[in-house]
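Everything on this sheet refers to the single structure shown next.
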Amino acid sequence: MVNALELKHVDKVYDGPVPTQVLFDINLAFAENSFNAIIGSSGSGKSTLLNIMGTLDRATKGEVWVNSQSTAKLSRDGLAELRNQTIGFVFQFHFLLPEFTALENVLLPHRIGTSIISKEIVDRAHDIMELMGLSKVKNNPSARMSGGQQQRTAIARALINQPSIILADEPTGNLDSETTETTYELLRKIHQELNTTFIIITHDRRVAEKADRIVEIRDGKIALDMYR
Ligand SMILES: Nc1ncnc2c1ncn2[C@@H]1O[C@H](COP(=O)(O)OP(=O)(O)O)[C@@H](O)[C@H]1O
Ligand SMILES: [Mg+2]
């Protein structure tokens, strides 16, 4: 079994007048193409963990391996490149640019990598948006879409560079329960169609129960790790 992501003995201490340790000796490996949920109460360390897995933040101690590559010795630029090529992020708040159309928002991460947007990329954007049920609204300014459509656009944007890993931090935290349901069905569909590893933080039990594995974090430690 190949691991998409692996944490080895990860500690995180936030500096400050009173340094606080929020992660304690975390060991976790996520298999390629798996669909995982991370649960835990507010303040338990979920976002810290996700940011470290996504190399947005550094562990105080321990190692992070992405696609069997250690991130320990990578420079800032090296990390950014690895991140751009392999990881797509979805956050609770979608951070779309309101003046731009949904399609333009989806194409944005690509423009960070290169200023040329080939037909291939545009075709891919159309395909992903169709998969996400956004064909009809893709030319709408993103501010003129429903909350669910906006979040689906953010998911399409996370997929445009064909990441092998999607990290999502309470992606439906801001949506009503029906929209949450639809969004998760779409995530599962994407998971089946594109070979992507999903790691999703959620506080919605019903959502977590649809994952193949549930990891619960409590006070910065793994309290439960259950395959279903
Ligand atoms: N940048 C930071 N500096 C200091 N403390 C932080 C920082 N980010 C988070 N924390 C603290 O770390 C703990 C875990 O936070 P977080 O990972 O955001 O938890 P969760 O996502 O599970 O709600 C909390 O006590 C929080 O206050
Ligand atoms: Mg959080």
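Order of listing sets the numbers, starting from 1, for every ligand and every atom in it. Since we're looking at a predicted model, the values are computed, not measured. All residue numbers refer to positions in the sequence shown, counting from 1.
Annotation: L49 places no N or O atom under 3.5 Å from an N or O atom of ligand 1; distance criterion only. At under 3.5 Å, a nitrogen or oxygen of K46, whether backbone or side chain, sits near a nitrogen or oxygen of ligand 1. Residue S44 places at least one N or O, backbone or side chain, under 3.5 Å from an N or O of ligand 1. Inclusion of G43 in the set of residues having an N or O under 3.5 Å from an N or O of ligand 1 is warranted.
Atom 12 (O) of ligand 1 has V22 CG1, 3.1 Å as its closest protein atom, hydrogens excluded (heavy atom only). Protein heavy atom in closest approach to atom 19 (O) of ligand 1: G45 N, 3.2 Å. The protein non-hydrogen atom at the shortest distance from atom 5 (N) of ligand 1 is Y14 CD1, 3.3 Å.
Side-chain contact of S47 with D169: a donor-acceptor pair under 3.5 Å is present, judged by distance alone. Between the side chains of R83 and T55, at least one donor N or O lies within less than 3.5 Å of an accepting N or O. With no hydrogens or angles considered, a side-chain donor-acceptor pair links H203 and E170 at under 3.5 Å. With 3.5 Å as the limit, one finds no donor-acceptor pair spanning the side chains of S75 and D77.
The nearest N, O or S atom of S47 is closer to the Mg ion (ligand 2) than 2.8 Å.
Here E209 contributes atom CD and R228 contributes atom CZ; the two are 6.0 Å apart, rounded to the nearest 0.5 Å.
In this structure, F91 and F95 have perpendicular ring planes: the angle between them is above 60°, well past the 30° mark.
Contacts of T48 with ligand 1, taken as heavy-atom pairs under 4.0 Å, involve both backbone and side chain.
Per-atom contact check: atom 27 (O) of ligand 1 does not touch the protein, criterion being a heavy-atom distance below 4.0 Å.
Heavy-atom contacts of S47 reach the following atoms of ligand 1: 17 (O), 18 (O), 20 (P), 21 (O) (cutoff under 4.0 Å). Set against the non-hydrogen atoms of S41, the atoms of ligand 1 under 4.0 Å away are 22 (O).
Hydrophobic clustering (ILVMFWY, side-chain heavy atoms < 4.5 Å, transitive): I165 and V64 are in one cluster.
Within the 4.0 Å heavy-atom shell around ligand 1 one does not find G40.
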- Query: Run the salt bridge (charged side-chain N to carboxylate O under 4.0 Å, His left out) check on D204 and K210 step by step: do they pass?
  - Reply: CA-CA 10 Å; D204 192 325; K210 289 194 185 121; over 6 Å; no
- Worked verdict on H126 versus K138 for side-chain hydrogen bond (donor to acceptor under 3.5 Å, both in side chains): CA-CA 8 Å; H126 285 289; K138 64 189 166 196; 2.8 Å; yes
